[in-house]
Amino acid sequence: MKKLLLSLCCLVLVNCKKNEPQSLNANFVDVVQEDKVDASIKFPSEKTISEKTTAISKKVIKNGDMKIQVADINKVQSQISTLLKNNKAYIQKEEFQNTDLDENLDLTIRVPHGNFDALINSFSTGVGSVLSKNISSDDVTEEYTDVSIKLANKKIYLEKYRDMLKSAKTTKDMLEIQENIRDLEDEIDVSEGRLRFIDDRVNYSTLNLSLYKEKVRSSATSKIGFGSRFGDSLTEGWNSFVEFFLGIISLWPFFLLVPLVIFLWKKWRGRKKDRSGNNR
């Protein structure tokens, strides 16, 4: 009888050991899945997090493109520097091109959101003749709120996973939790980067300003003398000749066919004459 009882106890202990990891793994799966969180773990609902993010102010990104014709780019640059300083703006990028026909100065300007309209008006009225202007506004409040809610959720889940890691019993559970932690940390970095980018674009608007000066070269208005224009004409004529000559050279494969065509044509004429002589 004692042996029978002892055997039954051993079987019970073995079954308990077998069922323990399965129960732990099942609980772990329920907890680590975001869509199937175990009810015993108190995760805040999305409604609660949403209520915390409703205080987000409206997020609007403003951008603009302007092209202005000016009489003297150098003089206008000093005027623009004053306008930028008054509106707390700065030049992010600058490109200058000087050709025979015109001068172009392209500026990428970042200006605080509240000063954007004032800066546009200053350029429109006191710098030169506005050739084109395009202003756009993009409301990104919904995107910003959505990213903020998801980011808050991920941070809460991350803390829960870290707490679970401290109480993990098996190596398998620890590895799975650590993998989830790494994935969440990467997603959090991406979300935070997106929010920083949106904040930057909202807080500082972007204006692409192009200053244009046309060079007029006519006999009535130009200060360039006859000698300079004569030299330019010679240069243009020489360039045209060089282009024509290079164009002919580019046809060299066809020139190689000319001797072959002449040879075949003479050979054909010779055979034709021989046949005519034989017929006579």
Side-chain angles (χ1 to χ4, degrees), residues 17-64 87-93 108-117 119 135-208:
K17 290 182 179 179
K18 288 183 178 179
N19 293 330
E20 183 179 358
Q22 294 177 357
S23 176
L24 180 59
N25 288 335
N27 292 333
F28 172 76
V29 171
D30 289 338
V31 173
V32 298
Q33 292 180 357
E34 290 186 10
D35 296 332
K36 298 180 180 179
V37 181
D38 184 53
S40 63
I41 300 177
K42 296 181 180 179
F43 288 97
S45 63
E46 289 192 4
K47 181 180 179 181
T48 304
I49 299 173
S50 179
E51 290 175 353
K52 294 180 180 179
T53 56
T54 52
I56 294 176
S57 59
K58 193 171 185 179
K59 303 289 183 178
V60 178
I61 298 176
K62 282 189 175 182
N63 294 310
N87 290 279
K88 299 180 181 179
Y90 67 92
I91 297 175
Q92 186 181 56
K93 185 179 180 182
T108 301
I109 299 171
R110 302 298 306 280
V111 55
H113 180 85
N115 299 338
F116 179 76
D117 294 333
L119 184 63
I135 308 299
S136 63
S137 298
D138 185 14
D139 190 341
V140 293
T141 309
E142 183 177 354
E143 179 188 358
Y144 193 92
T145 303
D146 183 60
V147 175
S148 298
I149 292 173
K150 291 180 178 178
L151 176 61
N153 272 326
K154 291 171 183 176
K155 287 184 176 180
I156 292 173
Y157 283 120
L158 179 61
E159 292 303 318
K160 294 300 179 182
Y161 283 132
R162 286 172 176 169
D163 292 339
M164 290 167 57
L165 184 61
K166 296 176 183 177
S167 59
K169 297 297 176 77
T170 65
T171 303
K172 181 181 178 182
D173 291 343
M174 292 177 63
L175 292 175
E176 290 183 2
I177 295 173
Q178 288 173 348
E179 182 66 24
N180 280 275
I181 289 176
R182 281 193 294 269
D183 292 341
L184 274 174
E185 288 175 340
D186 292 340
E187 293 175 6
I188 288 173
D189 288 340
V190 172
S191 298
E192 289 178 340
R194 181 58 184 171
L195 292 180
R196 286 194 298 268
F197 176 80
I198 294 177
D199 282 331
D200 176 70
R201 294 297 167 178
V202 169
N203 296 332
Y204 275 82
S205 302
T206 302
L207 173 63
N208 297 312

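Remember, it's a predicted structure, so these values are computed and weren't measured experimentally.
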Find the distance between CZ (Arg182) and CD (Glu179) and round it off to the nearest 0.5 Å.
4.5 Å
When rounded to the nearest 0.5 Å, the distance separating CG of Leu165 from CD1 of Ile181 is 5.0 Å
Any sub-3.5 Å donor-acceptor pair from Asp173's side-chain atoms to Lys169's backbone N or O?
no
Measuring only between side-chain heavy atoms, which start at C-beta, is Tyr157 closer than 4.5 Å to Asn180?
no
For Arg110 and Thr206, does a side-chain donor sit closer than 3.5 Å to a side-chain acceptor?
yes
Could you state the interatomic distance from CG (Leu158) to CG (Asn153), rounded to the nearest 0.5 Å?
12.5 Å
Only one of Arg201, Arg194, Arg196 clears side chain to side chain contact (heavy atoms under 4.5 Å, CB included) with Ile198; which?
Arg194
Return the OG to CZ distance between Ser167 and Arg162, rounded to the nearest 0.5 Å.
14.5 Å
Looking only at non-hydrogen atoms, find the nearest pair between Ile177 and Ala168 and report the distance.
CD1-CB, 4.2 Å
Taking all non-hydrogen atoms of both residues, which atom of Ser205 and which atom of Lys62 are closest, and how far apart?
CB-O, 3.2 Å
Taking atom CD of Glu192 and atom CG of Asp199, what is their separation to the nearest 0.5 Å?
11.5 Å
Do Ile188 and Glu185 make a side-chain contact, defined as non-hydrogen atoms from C-beta onward lying under 4.5 Å apart?
no
For the CD atom on Glu142, are there more than 12 heavy atoms of other groups (residues, nucleotides or ligands in this structure) within a distance under 6.0 Å?
no
Given Lys93, which of Ile109, Asn208, Thr108 fulfils the side chain to side chain contact (heavy atoms under 4.5 Å, CB included) condition?
Thr108
Could you measure the distance from the CZ atom of Phe197 to the CD1 atom of Ile61? Nearest 0.5 Å is fine.
6.5 Å
Smallest heavy-atom separation, Asn87 atom then Asn115 atom, equals O-ND2, 2.9 Å
Counting N and O atoms only, with roles assigned by atom type, does the side chain of Thr141 sit under 3.5 Å from a partner on the main chain of Lys59, one being a donor and the other an acceptor?
yes
Could you go through the salt bridge (Lys or Arg N to Asp or Glu O under 4.0 Å) check for Lys150 and Asp146 one step at a time?
CA-CA 6 Å; Lys150 291 180 178 178; Asp146 183 60; 3.4 Å; yes
